[in-house]
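Lettering follows sequence order; numbering is per chain, from 1.
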Amino acid sequence: MNFFEFLQQNRAELLALTREHLLLVFVSTAFAVLIGVPLGILLTRKKSLQPWVLGIANILQTIPSLALFGLLIPIAYIGGIGAKTAVIALTLYSFLPIIRNTVTGISGVDARTREAAVAMGMTDWQILRMVELPLSAPVILTGIRVAVVIAVGVATVAAAVGAGGLGTYIFRGLRQNDNNLLLAGALSSAILALFCDFALGQFEKSFDYKKRAEKSRRKLIAGGALVVILAVFGFSLIQNPKSKIQNTDVIRVGSKDFTESVILAEILAQMLEKRGISVERKFELGGNLAHDALVSNNLDVYPEYTGTAYTAILKQKPITDTRQVYDETKQAYGEKFDLSLSPPLGFSNDFAILIRGDAARKNNLQTISDAVPLSKNWQAGFGQDFMSRADGYAGFAQKYNFNFAKQPREMDLSLTYRALQSGQLDIIAGNSTDGLISALDLFQLADDKKYFPPYQAVYIARNDKTEILRETFEKLNSAISTEEMRRLNYAVDGEKLAPQQAAENWLKEKGF
Amino acid sequence: MSEMPNKTVKFRNAGFQIDGTKILDDLNLEVAKGEILVLLGESGCGKTTTLKLINRLYEPTSGEVLVEGKATTDWDAIILRRRIGYVLQEAGLFPHFTVAENVALVPGLENWNKAEINSKITEMLELVGLNPSKFAARFPHELSGGQRQRVGVARALAANPDLLLLDEPFGALDALTRVNLQKEFARTVKALGKTAVFVTHDLHEAFILGTRICLMDKGKIAFLGTPENFRKSDLPLVRNYLETIE
């Protein structure tokens with residue numbers, strides 16, 4: 001699919017994301033102006049405060065954006081996930097250029113002009129309103145313009161906290177290795193930044209009293225640009241009248257930021273909707289955000305893996321007994337977080353030791369142990385993650401007594417699949433549900449010595465919602481086989497089907 | 001405390017210091033109604049400070065300054081300043097206001113009605129020799145230095161103040177423009193019966209404009225008297241000044 005076909009097919013979603021993006025930038029810039037400009041004015045009156053306030057604004061600006069978003073999540077009231085957190089983070093980022101330029105602009109008014117204003121008998125308020133603000137308006141507007149351009153860029157990161165915007169495409173593109181998504185997200189936000197820059201630039205120049213002739217024309221252009229933005233905006237509000245009422249019957253379904261998690265969340269969401277339960281989707285949350293959101297009551301349910309919950313969240317040492325991991329996780333979650341685990345969905349997303357299908361058939365290989373005697377001259381290749389983690393390569397090679405003649409190649413995980421298929425590699429470690437396993441005719445060797453900890457798929461839910469969810473959880477108990485999950489993943493990653501569509505197809509097939 | 005009403009401004013033992021540095025020391029000076037007093041001196045002698053004490057841009061740190069018989073610190077600063085016309089070097093016009101808007105500033109602050117303001121703009125521009133239909137809508141940066149200074153004078157006179165303060169208004173102009181403006185200004189002020197305090201470091205200007213000259217040196221009055229007496233004085237500092245124009 002080329003880029004233009006992609007744009008055509010996805011223009012509705014792209015428009016919606018652009019709208020979300022603009023809303024984030026607008027609201028946060030508006031807050032930053034409403035707070036920043038008066039603060040800047042105050043600083044010109046109380047100069048002793050300047051180093052403090054500007055220092056703090058400076059520090060805020062130096063915090064990496066992802067870190068700032070992360071820091072805000074656990075904070076009550078202002079934090080959490082979603083647009084609110086993003087707006088607060090963006091507002092904090094916008095402060096520095098706005099406050100600084102307000103101070104610089106007003107301090108830059110000619111001392112003689114100010115003296116004349118005082119000597120004419122103007123009050124402080126009149127001096128501010130009639131002399132200082134009009135004369136510093138271009139400088140203040142430059143600050144706002146810089147803030148807006150920065151905000152358009154930083155807002156792409158907001159997708160990581162579930163605030164939507166064009167970053168959704170960028171993150172999804174990175175994850176799925178899809179250049180169309182990446183390009184659509186990055187290009188759109190770049191164009192948006194340039195457009196805002198241009199429109200505000202025109203507006204700014206209309207304040208230049210030395211270019212009177214061009215004044216009205218520039219105001220017209222800037223006004224026109226503003227109208228375009230507002231139109232896109234108003235249009236969106238009519239299309240999507242979002243109910244702001246926090247209905248208790250609404251189930252907030254979350255997902256982590258990779259395809260499989262999105263599909264599983266979508267399956268659950270659609271099944272709930274079929275039961276007439278309203279669903280709010282908060283998908284593609286990075287890192288442990290989904291867990292944090294669940295604990296802080298910003299989310300009700302999301303798909304997780306027992307192994308991840310056990311090691312990454314409960315901080316336990318990896319163990320290999322599937323049942324034990326499930327039971328211990330379930331118990332600890334109930335006690336520590338007041339969260340519950342659904343029954344297993346039927347498949348695990350473990351590390352999968354993969355070889356070519358024809359090699360497996362020719363030598364009749366079933367388990368990893370079967371492959372050890374043949375593997376002396378094999379070229380192995382593993383992702384960085386597998387090479388470095390506790391339950392990764394070192395323990396694996398030791399457990400099975402692998403003795404590769406050639407040093408395994410450490411490379412990008414997604415590339416190892418292709419390299420295996422084309423014969424450049426002979427054995428790799430992938431993820432057991434990866435759609436490429438079936439699509440590229442690869443074979444997963446069974447972990448007969450039980451080296452890898454189990455990563456059973458389950459849903460994790462808040463205890464106060466388990467009553468509503470139980471019926472659906474029971475239906476999904478052992479309902480998805482590894483092979484089915486591979487197909488679902490491939491439908492999205494390989495065939496570029498929307499996760500909603502893939503989930504819908506699967507539900508139909510299953511008769512749910 | 002009431003004073004003789006014919007004394008528009010009176011300095012009584014007025015002193016001014018910043019961070020312990022004495023700028024003015026025990027100044028006693030009276031400005032009579034209708035006279036043009038020229039404050040003459042080198043930069044740093046305290047002449048501009050003296051001027052700024054009158055419209056309370058500064059407040060005396062000792063003694064007092066009386067305007068129309070009332071200490072400046074007893075005046076509401078805003079009311080006081082609106083009764084006093086003020087002209088700065090390079091005019092100090094508001095660059096984002098047109099000529100008309102600049103002239104109309106104080107009447108506007110005083111909430112005159114529109115018709116009054118408009119006729120005042122016309123009257124003032126004609127008074128300072130600028131054709132209203134040609135200049136009213138221009139911005140300061142579209143004027144020559146001399147024209148800007150004329151607008152500055154028009155602005156200072158617009159609200160009919162009895163007292164004008166001028167801080168080296170013609171200092172940055174070329175010689176020919178300066179002489180013209182000085183003569184015109186002297187004529188206008190005398191015709192209108194205004195009182196003026198005029199700061200300059202130029203003795204020529206002092207002679208053209210002043211009804212009295214106050215020569216200042218290191219925060220004190222070195223000489224105070226008419227231009228004729230100034231010429232006759234044998235004070236060394238006065239002689240030095242006179243030598244510059246002979």
Side-chain angles (χ1 to χ4, degrees), chain A residues 37 40-41 44-45 47-48 101-102 104-144 201-219 222, chain B residues 48 51-58 75-99 101-111 137-143 148 151-152 155-159 161 163-169 171-172:
Chain A
V37 172
I41 292 168
T44 61
R45 303 306 195 252
K47 291 203 167 60
S48 59
N101 279 41
T102 305
T104 310
I106 291 179
S107 311
V109 171
D110 190 329
R112 270 195 311 259
T113 306
R114 201 192 312 267
E115 188 191 315
V118 175
M120 295 299 131
M122 292 172 103
T123 61
D124 195 36
W125 171 242
Q126 284 166 337
I127 294 170
L128 181 68
R129 189 169 51 86
M130 296 168 70
V131 179
E132 289 178 323
L133 283 180
L135 285 175
S136 57
V139 181
I140 296 175
L141 277 168
T142 304
I144 295 173
Q202 294 293 317
F203 188 56
E204 190 184 307
K205 283 189 187 130
S206 74
F207 276 83
D208 188 347
Y209 50 83
K210 290 190 179 161
K211 298 210 175 76
R212 191 159 30 146
E214 298 171 45
K215 226 168 152 171
S216 50
R217 186 171 59 86
R218 290 195 191 277
K219 263 194 182 132
Chain B
T48 295
L51 191 78
K52 288 179 175 177
L53 282 170
I54 299 172
N55 63 353
R56 206 177 152 182
L57 291 179
Y58 297 151
W75 279 93
D76 178 321
I78 302 298
I79 293 173
L80 176 69
R81 288 171 192 152
R82 287 186 191 171
R83 294 169 64 102
I84 300 175
Y86 192 70
V87 186
L88 299 84
Q89 190 169 19
E90 298 259 319
L93 298 178
F94 299 125
H96 59 307
F97 281 10
T98 60
V99 166
E101 287 166 341
N102 267 292
V103 173
L105 183 79
V106 180
L109 295 177
E110 294 278 275
N111 295 318
R138 289 201 189 170
F139 281 95
H141 67 90
E142 295 166 323
L143 304 176
R148 273 202 288 276
V151 177
R155 180 175 67 174
L157 289 169
L163 176 61
L164 282 179
L165 305 180
L166 302 100
D167 188 3
E168 302 203 40

From B:Phe94 atom CZ to A:Met122 atom CE, the distance as rounded to the nearest 0.5 Å: 5.0 Å

Nearest non-hydrogen partners of [X] and [Y], listed with the distance:
X	Y	result
A:Met120	B:Val106	O-CG2, 3.7 Å
A:Val118	B:Arg81	O-CD, 3.0 Å
B:Gly92	A:Ala116	O-CB, 3.3 Å
B:Ile78	A:Gly121	CG2-O, 3.2 Å

Check: A:Met130 and B:Leu109 side chains under 4.5 Å, non-hydrogen atoms: yes

Largest heavy-atom contact set with chain A, pairs under 4.5 Å, which of B:Leu57, B:Asn55, B:Leu80, B:Ile79: B:Leu57

Engaged part of B:Pro161 at the chain A interface, taking heavy atoms whose separation is under 4.5 Å: neither

Engaged part of A:Ala111 at the chain B interface, taking heavy atoms whose separation is under 4.5 Å: neither

Largest heavy-atom contact set with chain B, pairs under 4.5 Å, which of A:Val109, A:Asp110, A:Thr113: A:Thr113

